[in-house]
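Only this structure's heavy atoms are used, side chains among them; waters, hydrogens and symmetry mates stay out. In what follows, chains carry the letters A, B, and so on, assigned in the order in which the sequence lines appear, proteins first and then strands, with residues in each chain numbered from 1.
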Amino acid sequence: MSEHKNVVKSNSKITKKDFKKVFLRNIFGLQWGWNYEKMQGLGYCYVIMPILRLLYGNNPEKLTKAMQVELGFFNTSQPMSNLIIGTGIALHEEVGIDKGEDAIVGLKSGLMGPFAGIGDTIFITIYRALVFSIAAYLALDGQVVPAMAIPIICGLLIIGVRWKFLFLAYDQGSKLASGLGSQLKRITEAASIVGLTVIGALVASVVNAPIGITLGAGEVAFSLQEMLDRILPRLLPLLLVLLSYWLLGKKKMTTTKLIIVLMILGIGIGVFNWWLS
Amino acid sequence: MDTIPFIAIVFLTLYVGIGQLDQISIQIGLYSPLFAGIVTGLVLGDLSTGLLVGGTLQLLTLGVATYGGATVPDFLSGSIMGTAFAIITGQGFEFGIALAVPIGMLLMQLDVFGRMTNVIFQHRADRAAARGNWRSVETSNMLGMIPWTLTRMIPVFVGLFFGETVVLAINDVIPVWLMAGLRYAGGILPAMGMALLMRMLPFKKFLPYYILGFVIMGYVAGITILGVSLVGLALALIYMARQATVSAATAGAVEDDDMEVEIDE
């Protein structure tokens, strides 16, 4: 085979070029066909198609079966999907669709849930708490270039991590999941600490709730805001955040309702402030 | 500025389509209310309004994400329209935020519609797979991009094209006191973004770090948000080192930390 030196495993048909195809489809196309019935199912089949064609291309029956299996229900965190797809490729190659159908379905349905949990925490919650909160802060500060550069650079780094994930999973096959779990847990903890420190700092800087009330009159007049600042600067923003946090813990509270509560509260205080000044 | 040039409407319509594809794929940033606000501001020649609308909406929506395919308000489209309307009315960024939030919530329904429409393509792919037609399975997935993008592009085009008249009319009747109220509301809305993140992260467990972040930012003059995040990183490293010592002491073995550092970077 001409591309023999490009193969990832020594006795494999799959080349680096095939991996690139799968990777590009994975980062861009996994969710194009997202739907309520099979969610990322259609996308998953699309992503792994180059491998299916390579392995079963000369056997229509196997190809049909493989496509039908891979079109099944699937949904997980996008960055983590690379790990599942990498493992899936290894299974197709080592066991094949005829004997490996159960293993492939089991792999996908077994890992997508736990991986979605870990992935959403790391790549959405913590990622946004760090990257997009800092970017938003910089934007409010008028610094347009860093506000856009930081998310783009971090986004590219995530793409790099996903490329590594794909190979790691292909290389280690199904052994991977157990070892990775405990490591990701510790990374999540460390990242949560950084995230919460930044959120604490944001509360003190981006939530704006000044009070325009002046107590007393004439020579003895003093502003309530100045008085509060002497006790604890940014006290009101902190109270508003804690109020929101508490409200979100209520059973029937949704983000939509909370937005409405905050809008009404904000308009109320704002009008009151305006009326006093 | 009192009207939106047609070419700008076309550009922003294309942008929201690309932004939506970014949202469902690599999430590099185009999908974020932040970028949408900045780009709209640049296109309409008022960057500072774009930065303020985008930045504020971003903070508000930090914790609002589509976990497991749930539908959330469309703040990408909301940010574009809110920024544009703030600029053409000249009412300030608070007005833009006050418009962007309800627009985003209204457009939620179209997200549901788009995800439903894609079921057609899933069925198309199922039939194609049964015939062994791999090419048609691939096209089915690609066709899914059409509902995803049109459900954003159509409302943004229509909104910017016809919304102008409506918004300018609102602008003429809106009283000064209400604008003052909206301005204040714009300032406190980011509280929700913070609170949502606190709900999702182990807030109670790591409360001391939150307090430290708040106090450092609130009291140390001249410190920047990047400075505080480095303090956070230092604290996290200390925490991890201590955890490693504890587990080494209890298990009687030192864990291999090399791998972890690699991934962490």
Side-chain angles (χ1 to χ4, degrees), chain A residues 27-28 31-33 35-39 42-43 46 60 63-64 67-68 71 120 124-125 128-129 132-134 136-137 139-140 151-152 155 183 190 192-201 203-209 233-234 240-241 244-245 248 255 258 262-263 266-267 269-271 274, chain B residues 24-26 28-29 34 51 54-55 58-59 62 64-65 67 69 101 115-116 118-119 121-122 125-126 129 132 137-138 141 144-145 177 180-181 183-185 187-192 194-195 197-202 206 209-210 213-214 217-218 225 228-229 232-233 235-236 239-240 260 264:
Chain A
I27 61 171
F28 289 111
Q31 300 210 94
W32 286 343
N35 59 83
Y36 283 122
E37 196 178 297
K38 305 276 173 67
M39 298 200 176
L42 176 52
Y46 172 76
L63 183 63
T64 295
M67 285 195 292
Q68 284 174 326
L71 275 170
D120 285 346
I124 299 182
T125 308
R128 288 202 186 168
F132 277 98
S133 65
I134 290 173
Y137 173 88
L140 294 180
I152 291 175
Q183 282 209 330
S192 299
I193 290 176
V194 188
L196 282 165
T197 315
V198 171
I199 295 168
V203 173
S205 56
V206 295
V207 183
N208 277 313
R234 318 298 295 174
L240 280 168
V241 172
S244 306
Y245 176 81
L248 282 171
T255 52
L258 183 58
L262 286 175
M263 286 286 272
I267 291 173
I269 306 176
V271 170
W274 174 82
Chain B
I24 59 167
S25 62
I26 50 175
I28 201 96
L34 174 71
L51 281 165
Q58 187 64 51
L59 291 168
L62 278 178
V64 184
Y67 300 103
V101 171
R115 289 165 188 266
M116 256 158 52
N118 273 0
V119 174
F121 301 127
Q122 174 80 40
D126 287 340
V137 173
E138 292 193 348
N141 188 53
M145 282 190 274
W177 60 267
R183 194 162 295 142
Y184 201 90
I188 69 166
L189 277 178
M192 189 188 89
M194 314 287 112
L197 287 175
M198 283 152 61
R199 277 273 161 212
M200 289 180 222
L201 294 169
F206 294 134
Y209 302 98
Y210 176 85
F214 178 80
M217 195 72 189
I225 196 88
V228 180
S229 56
L233 181 64
L235 294 169
Y239 176 86
M240 283 176 79
E260 200 156 1
D264 209 6

Scored by heavy-atom pairs under 4.5 Å with chain A, the best of B:Val101, B:Leu235, B:Ile26 is B:Ile26

Chain B heavy atoms under 4.5 Å from A:Leu63: which part of the residue, side chain, backbone, both or neither? side chain

Top of A:Thr64, A:Ile152, A:Leu196 for chain B proximity - count of heavy-atom pairs under 4.5 angstrom: A:Leu196

Count the heavy-atom pairs under 4.5 Å between each of A:Ile267, A:Ile193, A:Ile27, A:Leu258 and chain B, then report the option with the highest count. A:Ile193

Which answer fits B:Ile28, side chain, backbone, both or neither, if we ask what part of it has an atom under 4.5 Å from a heavy atom of chain A? both

Quick check on the interface: out of B:Gly132, B:Gly29, B:Gly54, who has the most heavy-atom pairs with chain A under 4.5 Å? B:Gly132

With chain A, which of B:Gly144, B:Ser25, B:Ala125 has the greatest number of heavy-atom pairs at distances under 4.5 Å? B:Ser25

Verify, without hydrogens or angle tests, whether A:Glu37 (side chain) and B:Val119 (backbone) share a donor-acceptor contact under 3.5 angstrom. no

Who pairs with B:Ala129 by side-chain contact (heavy atoms from CB on, under 4.5 Å), at least two apart in sequence or on another chain? A:Met67, A:Gln68, A:Leu71, B:Val137

Rounded to the nearest 0.5 Å, how far apart are CG of B:Leu59 and CE of B:Met194? 4.5 Å

Given the options A:Tyr36, A:Trp274, A:Phe28, which has more heavy-atom pairs under 4.5 Å with chain B than any of the others? A:Tyr36

Select one option (side chain, backbone, both, neither) describing which atoms of B:Phe121 are under 4.5 Å from chain A's heavy atoms. both

Check whether any side-chain heavy atom of B:Leu201 sits under 4.5 Å from a side-chain heavy atom of A:Ile199, and report yes or no. yes

Just say parallel, tilted or perpendicular for the rings of A:Trp32 and A:Tyr46, cut-offs at 30° and 60°. tilted

State whether the side chain of A:Arg234 and the backbone N or O of A:Val207 hold a donor-acceptor pair below 3.5 Å, judged by distance alone. yes

So which of A:Gly155, A:Ala204, A:Gly195 has the biggest tally of heavy-atom pairs under 4.5 Å with chain B? A:Ala204

B:Arg199 side chain to A:Tyr245 main-chain N or O, any donor-acceptor pair under 3.5 Å? yes

